Every structure is written in structure tokens, then in C-alpha cells.
Amino acid sequence: MDLASAICPSISSLSAKMPTKRITVALNTNQSQRAPLLLPLTLSRNPADRESCRALVIKTAQTKLKFRKGSRIFVFRDGRELLQEQDWLDALRDDVILLVSAGEGYVGVRKEPTPEDGPVPSPDCSIHVLAKNALVDSQSIAQIENTVRTLPGLVHACGQPDLHPGSKYPIGAVFVSKRWIHPPLIGGDIGCGMSWYRTTLKRSQVDDDKGKKVGEKLHGLEGPWRSQTEREAWLTEGHESHSAGAEWDESLGTIGAGNHFAEIQVVEQGSSALLENEVILLVHSGSRGYGGDILKRYTSASQDSLHEDDEKAKAYMKEHDRACNWAKCNRDLIALRFLSCLEPGEDAWALGQNKCQVDSDMSIADVKKTLQQRKVVDIWHNNVERTRWPPRSPECIDIQQATSLALSSDAPTIVPGDDTNKPLNILPLPGSRGTPTLILRPRFTASTKFGLDNALSLAHGAGRSMSRANAYLAMTNRWGKAERLTVPTSVLFQRPHAKDGSDIRGGTWVICDEKQLVFEEAPEAYKDVYRVAEDLVRADVAEVLGWCRPRVSYKVRNEGR
DNA sequence: ATGTTC
């Protein structure tokens, strides 16, 4: 194409049409308030004239946006403030956005990011840190600030009192994100969470040194559970299969490493949901290798965030949901395997054993159903939850209404009225091993703007106070042999204690054949769970209903395969 | 956290 033909069409269209510009007038302080305006270029460019371009823009703000104080005009362009009166006139073109101000300076880009913009950071994101008592280091705060500075769509961030540094993004932080999903904020263990189950054991069977005997019953819990056909059946709920394929399903029913565990606890101080002296099982595990595989497939060095309109985001969410369901089935299967050791006479749990021939009057679905009757609570703390934002008072919650906000979480999210489990009125707040697990009840009151402050979430444990590397160093120095850390003599029950200050009922037997994990997960490598709870209570996001004493904490056993 | 990871 030669130069003349490229220029000619624009000249002819100019002369043929009425010379106007199709622009948008918006408020400088609230850009969601906007009105269209067809601005005739025949109007005077002199602001002193009564019928000038400027006068029409100001008048549009007055009549259409009910903004009477308009005295300055900015052009929404490159986030730059154009001070000279003529500047915005020179920048006029179709689709330009003019910002009307009452005299205040340019307040910056407030439009919602779109996929075309690519990821842009979230400068207007509020940050609320709940920790006052609990130790919080500057690195995790810096990680929250850095996350808000670099990821798009974030509108609110909450540092829970168990906050501590992760490799890049913090742990114990919750991010509320509009339109954007950030798989790395969830991390690899998608669907990780905790569940509590009742057992028929009496406290007399686990008190004092009998905890050791109960621990010795726990065998056959390592390695794959039964056949792939049976695993797939366990992963089937109604007509839906949560199978992740044979490779990943092989680890279904296994606890994993890190801070994952299954623990036999006694309720020392109960609530209506957990009665005093009950012996219960707490399972903390996730989606094992599967969630990490998902993270790997949906992120790259150049991409941490997916816009919700992107097909990739929809595909991620589908797999995310599958991993969450897989993880929940995993916790249930871990519980079944434990119950088969703890209650050997119970027919329903026979399926939990690998070796036993199951004289199956009971289908896998029936066994699962029986197990659900034992389940008190099951809560995810590594997931994306869609929720209305900002939260409404609980009386106004309409579960049926579609919501358009995503909540990326590193802590359990308790949406009021959520029906994923039983009525969600209690949650576990585990310390580490020898320290108590507190029973929490979430609160949603006007004082927290009905869960806005805490991003509808609660801390999911005591939170590390030492990195794994530091804990290993400090604990090997302090304890020497790992065995000294696996017996109840090292228990750390500072509070509450018996009237004479002693703790006659004893602490926790730890089954952990990985020496490094024994040291890394030592109670002293964690924050004080009571301080964490105090912060939640002070912030009015939870109350403490009671506490449980862990008696046997199962991590991993070398079954000598 | 993890069929890591060379």
C-alpha cells in the first residue's frame, strides 16, 4: 500500500462525518462512576468561553454523575496526570476516558485488570495482620507486601497469627482476589486439610503409658492401599469419580511427609460437638503428588496468575476441585486404615486392611457412609473458595446466588452457611505433637465486618517459628538423639496443667521413623498455639471451646519393605 | 508439600 491510499480514507471520513469524539467522563476518585459523551469538536477550545469543550465535560459530570464540584480534568492515560489545561484537549481521541476531579490530584489507575492488560499489581489491596501475641517475623510480612505488589486482582490480604515465610509466598496468609486466580498461592498441596473422627476407644485405653500400646497397633498403614479398582471405587461419590489416574491414585490413603500426620487424641475439655473424654482421630493430609503435578502444569517461570476468563483458569479450577475431593477421600481412607487397627472387631473397617480378604456384604460405598457417621468435621486450608465479597452478615447470606470472586487461601476458609461438611461450628487448631489441639468456633460479627478482616478464614495451626533447616540444627543440638523426642517425657504442656502443676496423664507418643522429620517437626520449632488462639480471640474471629490432648502422633513407619 | 534432585 502506498502512502496516499493509507492517508486518504481517514481524511474522507473526517470530512464526511460530524467532527465529534466518542469519549467517557468518569470521576477521578471513583472510576466505576462513568458516563458516555459525544463531544463536538466544533466547541471552543478556550476554557474561558461559556460553551467550551471543558464546560461540556464538567456539565456532564454534574448532570450524569451528580458531581457538582468538578474543577479539574485528567486524561486516563498511562497513569499520568496532565496538568496543563490544553493537554487533555490534545489527547482527545475516540474511547478516551476523562477524569473529573474536585481539585484533588490524580488518584491513579483504578480500573479492573483485564486479560489484555496482562497481570498488573494490586496497589489498592488492603492488608490486615491478625497477629499481636504470636511471633511474626518481618520476612513473612514482606512476602505479603510483595505478593500484593506483584500479583493482579488482589483486594484484601490477611496475615493469620500462624503466619510464617514460605519459599516465595507466605504461609498462613489469605488473599482475596477479584477475577484472577494464582495457583502458586495455593501451592502444590491443593486440597490439604484436616478432619476429625470419633473412635470407640475409651480414654482409659490411651491414658498414661497405654498410649504406647495403642501406637503399637498401628501397622499396615504405609504403601498403596489395595487395588486400583478399589481405589477408584473409594474415589467415587454418586456418579462422580475423583480419580486422578492410576499413577497418583497409588498414594491414596497415605499421610505423606512434612507437617502431615494422623493423631489419636483425648478430648480434655469438650463442646457440644466433641464430648469430654472422647477418643478421636485427627487427620492432616492433602492431595500428595497429584496437587503438585497440577501446579506444575498450570504455572511457569513467566506466569503465576490466570484470568478467570482464560480457558486455562477454568481448566485449573476443574483440576483444583478434583484435587480437593481427592484429598478429602484421602483423609477418609487414612481414617479407615487407622480405624481398622484401632477397632479390629468392627466389620465396617475390615476394608482398611490390605491383607484381609473382605467378605463383602458391605460395598465400598456403604463403608464410606458408615465412616461419615464418625466424621465430626473436614476442612480444607489450601484451596480457592468462591465467595461474595465483601462478606454480608450471616442472616443475609444467599447460598444460591452466584458469586464472582475467588479467595485464594492458605488457611481454612469458613464461608458462613457452607454445606461442604456437617454444620461447621468447630475447627481444630493443632499445636505440634506434644502440644494441645484447641477446639475453635469461628465467629462472624459486625466487629470484623462479618469476616472481612480475617478474609473468612482462621489459622490452621501453630505455624512454624523456625525454618526446617534451623529447627534441625537447633533440635539436634538440644535433644541429640531423635528417640528422646518421640516419647511423652518431652511433652510441652505449659497450659493448662493439673492443680499441682503436674501433668499426670502424660503427653504424646510419636511414631516417626524419619529422623530428620522428628527434629524438624519438634514442638519447639512451632509457635505457642495458645498465643495464636489468643490473637484469634482478640480479633473476635474465633472462640476457644476446649482442647484435646494428642496421645499418639503417627507420621511414618519403616515397614521394612 | 513432593515419584524432589543431579
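Owing to the predicted nature of the structure, the values given are computational and were not obtained by experimental measurement. We use all heavy atoms of the structure for the numbers below, so side chains are in, but hydrogens, waters and symmetry mates are not.
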Whole angstrom value for the distance that separates [atom2] of [N] from [atom1] of [X]:
| X | N | atom1 | atom2 | value |
| --- | --- | --- | --- | --- |
| K296(A) | dG3(B) | NZ | C1' | 9 Å |
| R288(A) | dT2(B) | CZ | C1' | 8 Å |
| R468(A) | dT2(B) | CZ | P | 10 Å |
| H260(A) | dT4(B) | NE2 | P | 17 Å |
| D293(A) | dT4(B) | CG | P | 11 Å |
| I171(A) | dT2(B) | CD1 | P | 13 Å |
| L517(A) | dT2(B) | CG | C1' | 12 Å |
| E222(A) | dG3(B) | CD | P | 13 Å |

- Name the nucleic acid region contacted by G188(A), choosing base, sugar-phosphate or nothing; use a 4.0 angstrom heavy-atom cut-off, strictly under. nothing
For the residue pair [X] and [Y], confirm or rule out a side-chain donor-acceptor distance under 3.5 Å.
| X | Y | result |
| --- | --- | --- |
| Y197(A) | D332(A) | yes |
| S305(A) | H182(A) | yes |
| S227(A) | E230(A) | yes |

- Any side-chain heavy atom of S287(A) within less than 4.5 Å of one from D189(A)? yes
- Query: Looking at the rings of F175(A) and Y169(A), which for Trp means the six-membered one, are their centres under 6.0 Å apart?
  - Reply: no
- Do NZ/NE/NH1/NH2 and the carboxylate oxygens of K527(A) and D162(A) come within less than 4.0 Å? no
- Query: What are the residues of residues 250-257 of chain A, sorted by number, that bring a heavy atom to within less than 4.0 Å of DNA chain B?
  - Reply: G256(A), A257(A)
